[in-house]
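Step one of this worksheet: look at the structure below.
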Amino acid sequence: MSRTAWERWIFCAVSFVLLFFAAMYRPTIYGNSPGEITRYLRREMADRGTGPTQLLAVEDEGADRFAAFQGEKRPDERYIVRFRQNEDGDYEAYGHPDWMYGPYPVRGVYSQPLWGDSGAREVCYAAWNESEKLAEVRLRVDDGPEESVSIPAPPSLTIWRTGILTPGAKNCPDV
């Protein structure tokens with residue numbers, strides 16, 4: 001192989017590797033503002049068939065930020081995504097957007113248990129309310145006592161930290 005052919009082969013190989021990494025690169029999109037959250041949702045929900053998303057609410061709870069949203073093509077479905085604040089103060093997505101259960105017999109009520117892992121298995125319960133009829137939610141985690149939380153007037157997103165799961169605990173709270 002001549003020197004010119006060898007140089008062309010190396011150039012092509014390096015170009016192919018660079019193009020491959022450029023195609024695979026996905027920059028981190030933080031959840032620091034509603035605009036960034038919307039951009040993140042556009043990327044994450046592109047293959048779920050929801051169409052463009054509409055951000056319904058953004059709530060901060062401790063070091064977490066939660067965003068409730070709906071898709072244009074499926075207007076009766078609600079989703080939630082959780083962002084965790086990193087050491088630089090930026091909110092990074094924790095997992096992927098989750099579909100919220102609902103609407104229940106009371107139209108306009110959606111909920112979703114959310115699992116966290118900050119060393120211990122933490123459980124949060126998210127409730128999105130669009131109904132004037134909902135005033136409180138009752139929940140029992142494992143074999144513990146039934147607890148309740150008040151729900152603000154609609155539209156509202158309520159995040160309820162229900163505690164830490166212990167080894168051997170059930171995988172899902174009883175609702």
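None of Y30, Y94, Y40 except one satisfies the ring pair (Phe, Tyr, Trp, His ring centres under 6.0 Å) rule with F83; the exception is Y40.
Residues L56 and L157 are not in side-chain contact: their nearest non-hydrogen atoms beyond the backbone lie 4.5 Å or more apart.
Scanning both residues, V81 and H96, for their nearest heavy atoms gives CG2-C, 4.4 Å. Nearest heavy atoms, Q85 versus G89: NE2-O, 3.3 Å. Counting all heavy atoms, side chain and backbone alike, A126 lies closest to M100 at O-CE, 3.7 Å. Minimum interatomic distance between L41 and P97 (heavy atoms only, all atoms of both residues): CD2-CG, 4.2 Å. When all heavy atoms of Y101 and P113 are compared, the pair lying nearest together is CE1-CD, 4.1 Å. Nearest heavy-atom pair, I37 versus G31, reported as atom, atom and distance to 0.1 Å: CG1-CA, 3.6 Å.
Comment: R138 does not engage E147 in a salt bridge, judged by the lack of any side-chain N to carboxylate O separation of less than 4.0 angstrom. Remark: D64 engages R161 in a salt bridge, criterion side-chain N to carboxylate O under 4.0 Å.
Between E130 and W128, the side chains place a donor N or O and an acceptor N or O closer than 3.5 Å (distance only, hydrogens not considered). There is no side-chain donor-acceptor pair under 3.5 Å between Q112 and D98.
Side-chain atoms of N86 come within 3.5 Å of backbone atoms of D88 as a donor-acceptor pair (strictly under, hydrogens ignored). Using a distance-only test at 3.5 Å, with no hydrogens or angles considered, a donor-acceptor pair links the side chain of N129 to the main chain of P152. Between the side chain of R78 and the main chain of P75, a donor-acceptor pair closer than 3.5 Å is present.
Taking the six-membered ring for Trp and thresholds of 30 and 60 degrees, Y125 and W160 have ring planes more than 60 degrees apart, a perpendicular arrangement.
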